[in-house]
There are 2 protein chains.
Amino acid sequence: MFANSLNVRPLFEETSPAREQCSLGALFDRSQLEHATAGQIVFFEGDRALHVFAIREGNLRICRQLHDGRRVITGFLTKSDIVGVSFKNRYLYSAEALDDVVFQRQTKMAFEKQLLARPDLRPVLLSQLCDEVAAAQDQMVLLSCKSAEERLCSFLLGRLRKSMAHGCQTNVINLPMTRLDIADYLGLTIETVSRTVTKLAGQGILSAGRRHEILVLKKSGLVERAGEDLAADDGLDTPGYYHH
Amino acid sequence: MFANSLNVRPLFEETSPAREQCSLGALFDRSQLEHATAGQIVFFEGDRALHVFAIREGNLRICRQLHDGRRVITGFLTKSDIVGVSFKNRYLYSAEALDDVVFQRQTKMAFEKQLLARPDLRPVLLSQLCDEVAAAQDQMVLLSCKSAEERLCSFLLGRLRKSMAHGCQTNVINLPMTRLDIADYLGLTIETVSRTVTKLAGQGILSAGRRHEILVLKKSGLVERAGEDLAADDGLDTPGYYHH
DNA sequence: CGCCCTATTGATAAACTTCAAGTTATGTGG
DNA sequence: CCACATAACTTGAAGTTTATCAATAGGGCG
């Protein structure tokens, strides 16, 4: 969803050539495709931040570590997201493959240069950054005051909405990450995540099918339990703003 | 510190005319000064987001509410910060005065227009957004896996560093907010904040003087207890990036 | 001086974590 | 294709941290 950096969700759904032109992904067209498999690390927290990456296939987790080994996942990225954009010398987080990932890279310099050549993409960059800040705030609300059940329901709803926004009309939630990843994302332990899933399944809200899939039986049950905020879903994009 | 929106901390310390030109605050020069007193709300979560604000004096808290009344403070803003920049139709948070606040406002439209006239400020805007995302991630780490003591120490250290960056060379931390505000910012209760302050005072780390001031006796004690990240303080700004 | 708001302190309870054991997938090599 | 090994997940019991409830103390302002 986000990361310090942006993760570009293009304004349009799919990456047909015409639409691709309007997303930041277009800036990577000339870069060669690279691959990573589950567990591989694309870049490490603390590495010199020389490149910006565009994800073409697969899923990544964005992690930060405390010195004693505690881990926080600040976001999950997927196809068409961009990662690594920031003003810092070093990456503030590492990016690790959850599954088979295909991506492209560019040096920051080249990325910046390309961006200058495409002033129409400037508002896209700003918009992506604003979305990222908004997502980070949602996560702060979640971590700050939601219960385990609320956190899990919010998370599942978020994934469901995202997949629906991308065109999938099922009620199957795809979870490319492990329970431990979910726990580290939600500020819980793996045991609490597991127990909460079991509880929701017992209440007929969902059904845990295969390991990386959850079937939603009562979306309304998830919504009720997610403890969303006051202003939720009220904030539509303002198309004109910054867009010229 | 941050908010969904940006809160501009200008690259230079004070607002001498020459330096002011290089910060986004310059875009508000023609706006009239407005005032708010402690507890007054500059704008509400859910309001139509028509304006962008520049803070000239005083302190604000940035709040979000869940439907059942739980409150999260996602940041504190102060002199020279800017708030309200985003791509959304409605504010995703409310901004409330902690003390006597002086601010200026502009319509989003005018702000955007001014920005077009000052392309040199574009990288400043981007940089501020990146900083805001970075700060939000730090807060996610704090909320996700730090203990009450670590949270409080991180918070106090952050305030201390900020005031030192602004030129103050004391070890007195100014806290314009109440304990409840601190609690809502750190994802704790007021009682836990109070107990933790007492505990740290007992260990000779700090001394709680007047209500809105804390005296730091052993900064190293705070650092040890803050549980900072791996990559902390390693990421210096890359001055050239995006700056033309 | 006294009131009200804020903060502190104490006792109890709840939620979640931790530790431990057991179960189910997954994938690999025979 | 099946058996086995390993990792991922689930479930249970005990332990901690922090929240909650309740009472008290301190500060600022009329």
Side-chain angles (χ1 to χ4, degrees), chain A residues 37-39 61 66 68-73 96 98-100 142-153 155-156 173-203 206-214 225 227, chain B residues 37-39 61 66 68-73 98-100 142-153 155-156 173 175-203 206-214 225 227:
Chain A
T37 58
R61 59 175 175 245
L66 295 184
D68 62 357
R70 282 174 289 183
R71 186 183 75 155
V72 180
I73 293 181
E96 311 177 10
L98 290 173
D99 45 23
D100 288 335
L142 180 146
L143 294 170
S144 202
C145 66
K146 287 189 181 177
S147 69
E149 188 177 277
E150 290 170 327
R151 291 179 199 202
L152 190 72
C153 291
F155 170 67
L156 293 176
I173 300 175
N174 189 246
L175 300 173
M177 69 293 290
T178 67
R179 294 284 192 271
L180 181 58
D181 292 327
I182 297 173
D184 286 347
Y185 180 62
L186 298 179
L188 301 169
T189 59
I190 181 175
E191 292 94 334
T192 300
V193 170
S194 187
R195 276 186 252 272
T196 307
V197 169
T198 304
K199 192 169 101 189
L200 291 171
Q203 296 172 347
L206 51 78
S207 164
R210 259 171 300 170
R211 190 162 285 186
H212 292 291
E213 276 178 8
I214 278 185
R225 277 155 237 254
Chain B
T37 57
R61 59 175 174 244
L66 295 184
D68 61 356
R70 281 174 289 182
R71 186 183 74 156
V72 181
I73 293 182
L98 290 173
D99 46 23
D100 289 335
L142 180 146
L143 294 169
S144 201
C145 67
K146 287 188 182 179
S147 69
E149 188 177 278
E150 289 170 327
R151 291 180 198 203
L152 191 72
C153 291
F155 171 67
L156 293 175
I173 300 175
L175 300 173
M177 68 293 290
T178 66
R179 294 283 192 270
L180 181 59
D181 292 328
I182 297 173
D184 286 348
Y185 181 60
L186 298 180
L188 300 169
T189 59
I190 182 175
E191 293 94 335
T192 300
V193 171
S194 189
R195 277 187 251 273
T196 308
V197 169
T198 304
K199 191 167 103 190
L200 291 170
Q203 297 172 346
L206 51 78
S207 163
R210 261 170 299 171
R211 190 163 287 186
H212 291 292
E213 277 178 7
I214 279 185
R225 279 155 235 257

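In this text, all values refer to a predicted model and were calculated from it rather than measured experimentally. Naming convention: chains lettered A, B, ... in sequence-line order (proteins, then strands); numbering from 1 in each chain. The analysis underlying the following values was restricted to heavy atoms, covering all of them including side chains, and did not include hydrogens, waters or symmetry mates.
A heavy-atom distance below 4.5 Å is not found between the side chains of Tyr185(B) and Leu142(B). Counting heavy atoms from C-beta outward, Arg225(B) and Leu200(B) have side chains that approach closer than 4.5 Å. Taking the side chain as every heavy atom from C-beta outward, Leu180(B) and Val193(B) never approach each other to under 4.5 Å. Residues Asn174(A) and Glu213(A) are in side-chain contact: their nearest non-hydrogen atoms beyond the backbone lie under 4.5 Å apart.
Rounded to whole Å, atom C1' of dT17(C) lies 15 Å from atom CG of Leu186(A). When rounded to the nearest whole Å, the span between CD1 of Ile190(A) and C1' of dC16(C) equals 15 Å. As rounded to whole Å, 15 Å separates atom C1' of dT6(C) from atom CG of Leu98(B). Between Asp181(A) atom CG and dA8(D) atom P the separation is 9 Å, expressed in whole Å. The interatomic distance linking Leu180(A) (CG) with dT10(D) (P) rounds to 12 Å, in whole Å. His212(A) has its NE2 atom 9 Å from the C1' atom of dT26(C), to the nearest Å. A straight line from CD of Glu213(B) to P of dG27(D) spans 14 Å, rounded to a whole angstrom. Nucleotide dA8(D) holds its P atom 15 Å from the CE atom of Met177(A), rounded to whole Å.
When the nucleotides dG26(D), dC9(D), dT11(D) are ranked by their closest atom to the side chain of Arg211(B), dG26(D) comes out on top.
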Sequence-aligned protein contact record of nucleotides 12-24 of chain D, with B where the base is within under 4.0 Å of a protein heavy atom and S where only the sugar-phosphate is: BB----SSBB---
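Thr192(B) and Ala148(B) get closest at one heavy-atom pair: CG2-CB, 3.6 Å.
Under the side chain to side chain donor-acceptor pair (under 3.5 Å) test applied with Arg61(A), the options Thr178(A), Asp181(A), Asp184(A) reduce to a single match, Asp181(A).
Residue-level contact check: Ser194(B) touches the bases, meaning some heavy atom is under 4.0 Å from a base atom. Across all strands shown, Arg179(A) has heavy atoms under 4.0 Å from sugar-phosphate atoms exclusively, and none from any base.
Ser207(A) is linked by a side-chain contact (heavy atoms from CB on, under 4.5 Å) to Leu215(A), Leu217(A), counting only residues two or more places apart in sequence or in another chain.
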